[in-house]
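The structure under discussion appears below in the form of structure tokens.
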Amino acid sequence: MIVTKSGRRMFPTLQVSFAHLNPSLSYSVLVDLESVDDKRYRYSFHQSKWTATGQGEVQLPGRSFVHPDSPSLGAHWMRGGISFDKLKLTNNQLDDNGHVIVNSMHRYRPRIHIVCHSLNNSIHSFSFPETAFIAVTAYQNHRITSLKIESNPFAKGFRESDVDESTRAAFPMLFPLFSLTMPRSS
DNA sequence: TCTGACACATA
DNA sequence: CTATGTGTCAG
């Protein structure tokens, strides 16, 4: 995940849905980052893989991102998926914008906290290993760069051969859309 | 390895 | 129009 001094959004965005909350109780939802280990990582372009190298650095302020809908009733949280697209990461240890601070070339795992205000601020925490990432200051792997460029709307300017939606609509004969159906397996 | 100006995108 | 989110690239 790219981090900058001024703060960078995570992409793809962290999204969650909720079940079994009490619809009429008040909750807040927070995200923070857990250090997966105390190692510093290095990317070997030759072997196309990350390896843990030396001792990592400790980060001073372990900040958390409070979802802007907080606080809300359980009914609100369960209404649909919740997105953390406003969450920003920074490598600036002196950041005063309230962004989540990380060390570049270190590995992190997002953690989601549900605080129930109506129940003495009791907290339930969840984390998903598949959302772990390594913070970088510049992309190390071109396949990741491609993933971002192809799927992040803000990076559309770097796409090479994508056809504009209105152009496709105006000249359907030039940009036919074929649908492929896989044969059934028995 | 990291930074900041930049062109080009969204909202 | 303004404000802001992208990766690029030279240093």
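Chain letters run A, B, ... following the sequence lines, proteins first, then strands; residues in each count from 1.
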**OP:** Quickly work out the Y41(A) OH to dT1(B) C1' distance and round it to whole Å.
**Re:** 19 Å

**OP:** Specify the residue among F154(A) and A138(A) whose closest nucleotide of DNA chain C lies further upstream toward the 5′ end.
**Re:** F154(A)

Original post:
More than 12 foreign heavy atoms under 6.0 Å from NE2 of H117(A): is that the case here?
Top reply: yes

Original post:
Does N91(A) place a side-chain N or O at less than 4.0 Å from the phosphate oxygens OP1/OP2 of dT3(B)?
Top reply: yes

Original post:
Does K5(A) come within less than 4.0 Å of D95(A), counting only side-chain N to carboxylate O?
Top reply: no

**OP:** For dC2(B), take OP1 and OP2 only and decide whether either is under 4.0 Å from a side-chain N or O of S104(A).
**Re:** yes

Original post:
Quick one: is dT3(B) close enough that its OP1 or OP2 comes under 4.0 Å of any side-chain N or O from T137(A)?
Top reply: yes

Original post:
Within 45° of the axis and under 6.0 Å from the centre of the six-membered ring of Y41(A), does NZ or CZ of R107(A) qualify?
Top reply: yes

**OP:** Give a yes or no answer on whether the side chain of W77(A) reaches the backbone of S72(A) with a donor-acceptor pair at less than 3.5 Å.
**Re:** yes

Subject >> Heavy-atom pair of closest approach, residues S125(A) and H113(A) >> reply: OG-ND1, 2.6 Å

**OP:** Whole angstrom is fine here: how far is it from CD1 in I149(A) over to C1' in dC8(B)?
**Re:** 12 Å

Subject >> Protein-nucleotide distance (K156(A), atom NZ; dA7(B), atom C1'), rounded to Å >> reply: 16 Å

Original post:
5'-most contact on DNA chain B: P153(A) or F158(A), nearest heavy atom basis?
Top reply: F158(A)

**OP:** Check the distance between dC2(B)'s C1' and M105(A)'s CE and give it to me in whole angstrom.
**Re:** 11 Å

**OP:** Using the rule that two of Ile, Leu, Val, Met, Phe, Trp, Tyr join whenever any of their side-chain heavy atoms come within less than 4.5 Å, decide whether F65(A) and V16(A) are in one cluster.
**Re:** yes

Original post:
Taking atom C1' of dT3(B) as reference, at what distance in whole Å does atom OH of Y139(A) sit?
Top reply: 16 Å

Subject >> Residue mapping more 5' on DNA chain B - nearest nucleotide basis, Y43(A) or K5(A) >> reply: Y43(A)

**OP:** Please report, rounded to the nearest Å, how far the P atom of dT10(B) is from the CZ atom of F11(A).
**Re:** 13 Å

**OP:** Run the numbers on D69(A) and V29(A) for side-chain contact (heavy atoms from CB on, under 4.5 Å), then give the verdict.
**Re:** CA-CA 8 Å; D69(A) 288 0; V29(A) 178; over 6 Å; no

Original post:
Looking across every strand, which nucleic acid part, if any, lies under 4.0 Å from K86(A) by heavy atom: base, sugar-phosphate, or nothing?
Top reply: nothing

Original post:
Whole Å only: how far is the CZ atom of R8(A) from the P atom of dT3(B)?
Top reply: 12 Å

Subject >> Whole-Å distance separating the CD atom of Q93(A) from the P atom of dT3(B) >> reply: 11 Å

Subject >> Span of DNA chain C, from the first to the last nucleotide whose atoms fall under 4.0 Å of chain A heavy atoms >> reply: dG5(C) to dT8(C)

